[in-house]
Each structure stands twice: as C-alpha cells, then as structure tokens.
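Notes follow once the structure below has been shown.
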Number of protein chains: 2
Amino acid sequence: MSTMREQIIDTTSTLLEAQGYHATGLNQILAESGAPKGSLYYYFPQGKEELTAAAVEQSGKITAERIRAGLATFEDATEAIQSFVHTIAYHVEASGFSSGGPLMIVAMETVNSSERLNNACREAYGLLLDAFQEKLVMNGQTEARATQLATFIISAIEGGTILSRVHHSGNPLRQVAEEIGLFLQSVCKG
Amino acid sequence: MSTMREQIIDTTSTLLEAQGYHATGLNQILAESGAPKGSLYYYFPQGKEELTAAAVEQSGKITAERIRAGLATFEDATEAIQSFVHTIAYHVEASGFSSGGPLMIVAMETVNSSERLNNACREAYGLLLDAFQEKLVMNGQTEARATQLATFIISAIEGGTILSRVHHSGNPLRQVAEEIGLFLQSVCKG
DNA sequence: GTCTATACGGTGATAGAC
DNA sequence: GTCTATCACCGTATAGAC
C-alpha cells in the first residue's frame, strides 16, 4: 500500500538505531525520508510516539525473521547460534557500529517515560526470544529450559553489542559467540 | 573540597541512569541538585559533555569498587559471580528499574556523536572488566582466558539488565545469574 | 562563586490553504 | 494527501551584575 508510510518507518528505524530516540528529531526524519511534515501526521496522528512504536514493532518482526533464517543454516543449535552471533559481529562492524535495530536503545531510553513504547519493546523482545527458543526446543530442550537459555543468549548478545559499539570493534561480540558456543556445548551434553 | 561539584555530579548520574543523556536537561539537573546555573558552568566550563564525562568516570570507579567488594564475599569465583548477579537483580527491582548507573545508556546514546563520551564509557567498561578478570585469575584462569570470560559475563549482565528493565522484573537477570553459574561451573572444571 | 536575565536554535505539534 | 507557516516550549549556552 502506501509506500510513503513505509519509507517514513524505515528512515525512522535507521535513525533511531544510530542516534536513539531523544536525539532523533521529526524534522530529520522528514528531511531524510523525503516526506512532508503534513503527511507524517496524516499517517501517524499521535506523532513521534506512534511512529516510533511502529518502527519498533516492525524491527521486532524483521529481526525475529532474520534470527530464524540464520539459525536454520545449521541443524545443530549450538553451531547455529554460535555462527549467528559471529554474523552479528560482522554486521555491527559493517554498519559502522550502528547495529541491531532501534530496539535496544529505544527500550533503554523509554522504559520510564512511555508505557506504550515500553510495551512495544517488550513484545519485540518476546519475538526474538521465541525465535531462539524454538531452535532450542527442536534440539531437545524442554520448553521451560529453552526459554531460560534463550533469555541468557539474548542478554549476552545485547550486552556484547553494547561493548562492540563502545569499542568500535566486533571482537567483544566474537568473544561472546565463542563463550556461548562453549556453554551450549556443555549444556546440550549434560 | 567543593561539595557542590560533587552534588551536581551525583544528581547528574541519577538522572542519566533513569532517563538517558538526551532526555536529561541541564535545567533539571540544576533544579534537583539545588545548584545555580552560574556555578554549573563554573565547575564544568565545557557544559553538559564535560559534566556527563565526569559522571561516567565516577560511576565507573564506584561500580568497579562494588564489583570487587561483591566478589570478595565468596572465595570461589563461580559462587561469587553468580551471587553478585543475583544482587544486581535485586537492586534493579529495588531502584524501580533504574539500575546500573549511567554507563550503559550514555554509552549507547553517544557512541556515534561524542568521541569524548565514547572514550569515557570505554574506560569505565575497562574498569568493570578488570574487576571480574582479577577474580577469575585468582581462581586459576589465565589472564587471556579471564579477560574473555569477563567480557562474556559483563555482556550477559548488561543485556540481562536491559531485559529486566523492559520487563519490569528482576527475573531475566536472575535467569542470567543461574546460567552464568552453570557456565562457570563447567568452565572451571574442564 | 553565585545569581538573573537572556539569546538563539531546535523540538513536537497544529492550522488552514491547496 | 500534501505543503507551508507558525506555534509555544525547552534545550544549551552566555553575559554581566553582585
């Protein structure tokens, strides 16, 4: 349908990812997306908050899809997840350390100031968790165990992404990938 | 010395922690610290950036100290670290999910916009890493191995903190604590 | 060292013509 | 659906009296 609406969301995602929520102005979004201010409020009557919620929601779905696709390249969950984290390390470097979509930074910036965005982020993280959890269940873990493992894995990835961005290097994420591999190996044996 | 300067830094740390860098205004810092605007620019001639750098620097030192103190309560590194992460989970809940000092959010918000703050955050993370690394070396790990393990542990904690804040629950961090415990147990055996 | 007043830019948002 | 003009507000920063 309206490609303008999607263009606005995509530009918003990119800017949020690189700058964060409060540093990203509507004017900048308008300028970079080529959209007129009039139509932004036509598509998103509730302004910045609604637009950001849409960006987070879309980002959650896309990221979950990428996780599923990435994990599908190996049958073994340990191999698949370790390899996937290495892929993230590469992408963080390739993107100039902008990395991982708007989710993490929007989540941090808005936990205490917007219930709507907090909910959007919580649901998005839920989608990511499901993607990892499924793979672990397919490899023989119980649902409950897989959920806890997925929480741990996502935590390590998010934290590793922060360190990689701060250090302007994919290495922290690569170290995380190695350790997650070791960990899953020992877990899947036992 | 000047207690006013420290008061300003402390207030800044608290606000940064809860709201982030771009959402925290100088006016708010002044109002809550009781400091006059005139004296803010007297103590921090370079304004917000300098003040934030000071807050991050102080927060790094204090947090590293807390880590050392926390890890000292158990001789065994695995027990010590697992217990410490549980403590963090408790603090995140008790603080109304404000958690962990200004470091993580300032790091995320300013990676691409301020070299000075990026450096301050990198150094602060270095201090935290040292604190974990030492404990692991004391428990028989090689320096290199301990460094990589510490990177992994910090990553998991930072990521777990995000999830705990987003979910308004200490549980994600508690799950991280459990898995880190399992992991270190298997690592320290082999 | 501290206080007040102020400058100037950018913010999100709205109104109304087209 | 789109564009322009304009709004009130808040951000950081500065100047100058005290």
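Labels below follow one simple rule: chain letters A, B, ... track the order of the sequence lines, proteins then strands, and each chain is numbered from 1.
Dashed line: the shortest gap from a side-chain N or O of A/Asn27 to OP1 or OP2 of C/dG10 is not under 4.0 Å. Distances shorter than 4.0 Å separate none of the side-chain N or O atoms of A/Tyr41 from OP1 or OP2 on C/dA15.
Residue A/Leu40 contributes atom CG, which lies 13 Å from atom P of C/dT11 at whole-angstrom precision. The CG-P distance, from B/Leu26 to C/dA5, rounds to 19 Å in whole Å. Atom-to-atom, OH of B/Tyr43 to C1' of D/dT14 comes out at 19 Å; the value is rounded to the nearest Å. Between A/Arg5 atom CZ and D/dT2 atom P the separation is 13 Å, expressed in whole Å. Separating the NZ atom of A/Lys48 from the C1' atom of C/dT11 is a distance of 8 Å, rounded to the nearest angstrom. One interatomic measurement links the two molecules: NZ of A/Lys37 to P of C/dA17, which rounds to 19 Å at whole-angstrom precision. Following rounding to the nearest Å, B/Glu49 (CD) and D/dG11 (P) show an atom-to-atom distance of 18 Å. Put simply, OH on B/Tyr42 is 21 Å from P on D/dC18, counting in whole angstrom units.
Here the side chains of A/Thr73 and A/Glu79 are not in contact, with every heavy-atom distance at 4.5 Å or above. B/Asn119 has its side chain within reach of B/Arg122: a pair of non-hydrogen atoms, C-beta onward, lies under 4.5 Å apart. Side-chain contact between B/Glu93 and B/Arg174 is present, with at least one heavy-atom pair separated by less than 4.5 Å.
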Set out, in order, the CA-CA distance, both residues' side-chain angles and the distance that settles ring pair (Phe, Tyr, Trp, His ring centres under 6.0 Å) for B/Phe152 and A/Phe152, then state yes or no. CA-CA 11 Å; B/Phe152 182 54; A/Phe152 182 54; 5.8 Å; yes

Output, in order, the C-alpha distance, side-chain angles, deciding distance and verdict of side-chain contact (heavy atoms from CB on, under 4.5 Å) for B/Arg145 and B/Val187. CA-CA 10 Å; B/Arg145 185 82 191 101; B/Val187 159; 4.3 Å; yes

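In the region residues 28-35 of chain B, proximity to DNA chain D at under 4.0 angstrom, judged on heavy atoms, holds for none of the residues.
None of A/Val106, A/Leu103, A/Thr11, A/Leu51 except one satisfies the side-chain contact (heavy atoms from CB on, under 4.5 Å) rule with A/Leu16; the exception is A/Val106.
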